[in-house]
**Q** 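The structure under discussion is supplied below as structure tokens; questions concerning it will follow.
Computed from a predicted structure; not experimentally measured.
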Amino acid sequence: EIHLVESGGGLVQAGGSLRLSCTASGFTFDDVTVGWFRQAPGQAREGVSSITLSDGKIYYASSVRGRFTISSDTAKNTVYLQMHSLKPEDTAVYYCAADQIFPLHDMTYLSDFAYEYWGQGVQVTVSS
């Protein structure tokens with residue numbers, strides 16, 4: 001059975017940092033794309049970043065580029081999202097997702113409809 005588990009969320013002051021982890025069981029990340037998404041109250045889910053280990057493709061939403069970094073540790077079957085310079089508008093529930101992506105274009109990698117497997121989400125709250 002496939003499971004994704006996020007961890008590392010919490011409360012941080014503006015300008016601070018957090019590192020989220022997404023660990024998989026039931027499959028390995030070698031042949032899939034792993035995406036990070038977030039959803040703030042009353043807002044649509046937003047693609048934040050994605051990584052495809054097989055070809056090294058990485059994408060970031062413009063709102064986080066330069067502040068967030070996605071990486072992986074294949075030995076731990078874990079993908080990380082390092083977040084720096086956090087802003088109150090980064091406050092959201094963060095989800096990781098995984099699937100084999102067959103992109104129509106690059107934005108597919110940050111589109112939630114492209115992913116079948118999802119974690120339960122972790123809260124990130126950034127105080128001003």
**Q** Please examine the side chains of Q120 and Y95, heavy atoms only from C-beta on, and report whether any two atoms are closer than 4.5 Å.
**A**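 A side-chain contact is absent here, since even the closest heavy-atom pair is not under 4.5 Å.
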
**Q** Is the positively charged end of R45 above the ring of W118, judged by distance under 6.0 angstrom from the centroid and angle within 45° of the axis?
**A** yes

**Q** Evaluate the side-chain proximity of F37 to V48: yes if any heavy-atom separation is below 4.5 Å, no if none is.
**A** no

**Q** Less than 6.0 angstrom separating the ring centers of F113 and Y115, yes or no?
**A**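 No, the ring centres sit 6.0 Å or more apart.
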
**Q** Answer yes if V79 and I2 sit in the same cluster of Ile, Leu, Val, Met, Phe, Trp and Tyr residues linked by side chain heavy atoms under 4.5 Å apart, and no otherwise.
**A** yes

**Q** Should K57 and D106 count as an ion pair when the cut-off is N to O under 4.0 Å?
**A** no

**Q** Below 4.5 Å, heavy atoms only, C-beta onward: do V124 and D90 meet side chain to side chain?
**A**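 V124 does not reach D90 side chain to side chain.
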
**Q** Looking at V32 and D99, what are the two nearest heavy atoms and their distance?
**A** CB-O, 3.4 Å

**Q** With side-chain contact (heavy atoms from CB on, under 4.5 Å) as the test, would you mind laying out the steps for T52 and Q100 before giving the verdict?
**A** CA-CA 9 Å; T52 305; Q100 286 188 314; over 6 Å; no

**Q** If I compare all heavy atoms of W36 with all of C22, which pair ends up nearest, and what's the gap?
**A**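 That would be CZ2-CB, 3.5 Å.
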
**Q** Does Y80 have R19 sitting over its ring (NZ/CZ under 6.0 Å from centre, angle to axis within 45°)?
**A**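 Yes, a cation-pi geometry.
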
**Q** Are the side chain of Q39 and the backbone N or O of V93 linked by a donor-acceptor pair below 3.5 Å?
**A** no

**Q** How many angstroms lie between atom OG of S25 and atom NE2 of H3, to the nearest 0.5 angstrom?
**A** 5.5 Å

**Q** Go through T91 and Q123 one step at a time and tell me if the side chain to side chain donor-acceptor pair (under 3.5 Å) criterion holds.
**A** CA-CA 8 Å; T91 295; Q123 178 70 45; 5.9 Å; no

**Q** When the aromatic ring centroids of Y59 and Y109 are compared, is their separation below 6.0 Å?
**A** yes

**Q** For the residue pair E46 and S63, confirm or rule out a side-chain donor-acceptor distance under 3.5 Å.
**A**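 Distance-only check passes for E46 and S63.
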
**Q** Do V12 and V122 sit in one hydrophobic cluster, given that two such residues count as connected whenever their side-chain heavy atoms are within less than 4.5 Å of each other, even indirectly?
**A** yes

**Q** Looking at every heavy atom in both A24 and L4, which two are closest together, and how far apart are they?
**A** CB-CD2, 3.7 Å

**Q** Could you go through the side-chain contact (heavy atoms from CB on, under 4.5 Å) check for L20 and E6 one step at a time?
**A** CA-CA 7 Å; L20 304 182; E6 303 97 335; over 6 Å; no

**Q** Work out which heavy atom in T78 is nearest to a heavy atom in K76; give both atom names and the distance.
**A** OG1-O, 2.8 Å

**Q** Would S50 and T33 count as a side chain to side chain donor-acceptor pair (under 3.5 Å) if you check the C-alpha gap in whole Å, the side-chain angles of each, and the deciding distance to 0.1 Å?
**A** CA-CA 7 Å; S50 72; T33 296; over 6 Å; no

**Q** Looking only at side-chain N and O atoms, does H84 offer a donor or acceptor that is under 3.5 Å from a partner on S17?
**A**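 Yes, a side-chain donor-acceptor pair sits under 3.5 Å.
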
**Q** Kindly give the heavy-atom pair with the smallest separation between N77 and T28, and that separation in Å.
**A**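 Heavy atoms of N77 and T28 come nearest at OD1-CA, 3.4 Å.
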
**Q** How close do I70 and V34 get, heavy atom to heavy atom, and via which atoms?
**A**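 That would be CD1-O, 4.1 Å.
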
